[in-house]
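One structure is given below, encoded as structure tokens.
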Amino acid sequence: QVQLVESGGGSVQAGGSLRLSCVASGRSASSYTMGWFRQAPGKERQFVAAISWSSWSGGSTKYADSVKGRFTISRDYAKNTVYLQMDNLKSEDTAVYFCAADNWGPATALLTDYEYWGQGTQVTVSS
């Protein structure tokens, strides 16, 4: 069992930056592939970014096309924490952002691959 707690959301103007954090606790939490997803009102949850455990493809990353070049995912194994640095934010980035953990495999964009989910943190970008 893995518990995930997100933080770092808030309100920012377009062009600004935020950094989200997700602390994972539980057995072997540091060996999970970690992902970020987001869900805007009335829309389906969508993939944002993922980072694999270092033993999978050397800690590879994957990004949605809509955030490439603006968002960066990283992880600190000592702190069992995964980060999502979000730069040059746009109004369309407004959503609740969820952290997720996958107990096996490389970085994946498939929502159904993730077994554990956090409660989410709200990000609001005003234009």
Side-chain angles (χ1 to χ4, degrees):
Q1 190 77 9
V2 173
Q3 294 79 43
L4 305 173
V5 179
E6 304 99 333
S7 62
S11 298
V12 64
Q13 289 195 330
S17 298
L18 283 174
R19 189 177 79 157
L20 305 183
S21 300
C22 173
V23 179
S25 60
R27 185 173 183 175
S28 302
S30 62
S31 66
Y32 282 53
T33 285
M34 302 297 293
W36 287 97
F37 289 75
R38 66 187 182 187
Q39 188 167 17
K43 295 189 177 181
E44 294 186 350
R45 194 168 297 188
Q46 63 177 196
F47 171 73
V48 176
I51 186 167
S52 68
W53 183 32
S54 60
S55 293
W56 280 99
S57 304
S60 62
T61 58
K62 183 185 290 288
Y63 295 93
D65 288 343
S66 60
V67 306
K68 280 181 182 177
R70 300 189 299 122
F71 291 11
T72 304
I73 190 170
S74 62
R75 69 192 299 171
D76 184 330
Y77 287 95
K79 297 181 179 180
N80 276 353
T81 300
V82 62
Y83 303 99
L84 185 67
Q85 177 66 42
M86 305 185 295
D87 299 318
N88 190 21
L89 283 160
K90 304 176 181 180
S91 57
E92 51 263 43
D93 295 317
T94 295
V96 177
Y97 282 71
F98 296 89
C99 176
D102 172 15
N103 68 0
W104 189 86
T108 174
L110 293 177
L111 185 148
T112 53
D113 281 346
Y114 292 86
E115 291 83 19
Y116 303 102
W117 293 83
Q119 296 296 315
T121 185
Q122 176 71 46
V123 171
T124 303
V125 184
S126 57
S127 57

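Positions are given from 1, in the same order as the sequence printed here.
With sequence neighbours left out, the ring-ring contact (aromatic ring centres under 6.0 Å, His included) criterion links Y83 to no other residue. Take R70 and apply the side chain to side chain donor-acceptor pair (under 3.5 Å) test, not counting sequence neighbours, and it matches D93. Evaluation of the side chain to side chain donor-acceptor pair (under 3.5 Å) rule for D113 yields T108 as partners, not counting sequence neighbours. A search for side chain to side chain donor-acceptor pair (under 3.5 Å) contacts involving S25 returns Q3, not counting sequence neighbours. The ring-ring contact (aromatic ring centres under 6.0 Å, His included) check on Y97 picks up nothing, with sequence neighbours excluded. Every residue meeting the side chain to side chain donor-acceptor pair (under 3.5 Å) condition with S17, not counting sequence neighbours, appears here in chain and number order: D87.
A heavy-atom distance below 4.5 Å is found between the side chains of W36 and V82. Looking at T94 and Q122, their side chains come closer than 4.5 Å, going by heavy atoms from C-beta outward. Side-chain contact check for F98 versus V96: some heavy-atom pair is nearer than 4.5 Å.
Cluster annotation: I51 is connected to L4 through the hydrophobic network of ILVMFWY side chains, with a link wherever side-chain heavy atoms come within less than 4.5 Å.
For the pair Q119 (side chain) and E6 (backbone), a donor-acceptor distance under 3.5 Å is absent. With hydrogens and angles ignored, the 3.5 Å screen pairs a side-chain donor or acceptor of S52 with a backbone N or O of S60. The backbone N or O of G105 lies less than 3.5 Å from a partner atom in the side chain of T33, making a donor-acceptor pair.
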Full working for side-chain contact (heavy atoms from CB on, under 4.5 Å) between D102 and E115: CA-CA 6 Å; D102 172 15; E115 291 83 19; 3.4 Å; yes
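Note: F47 and F37 have perpendicular aromatic rings, judged against thresholds of 30 and 60 degrees for the angle between ring planes.
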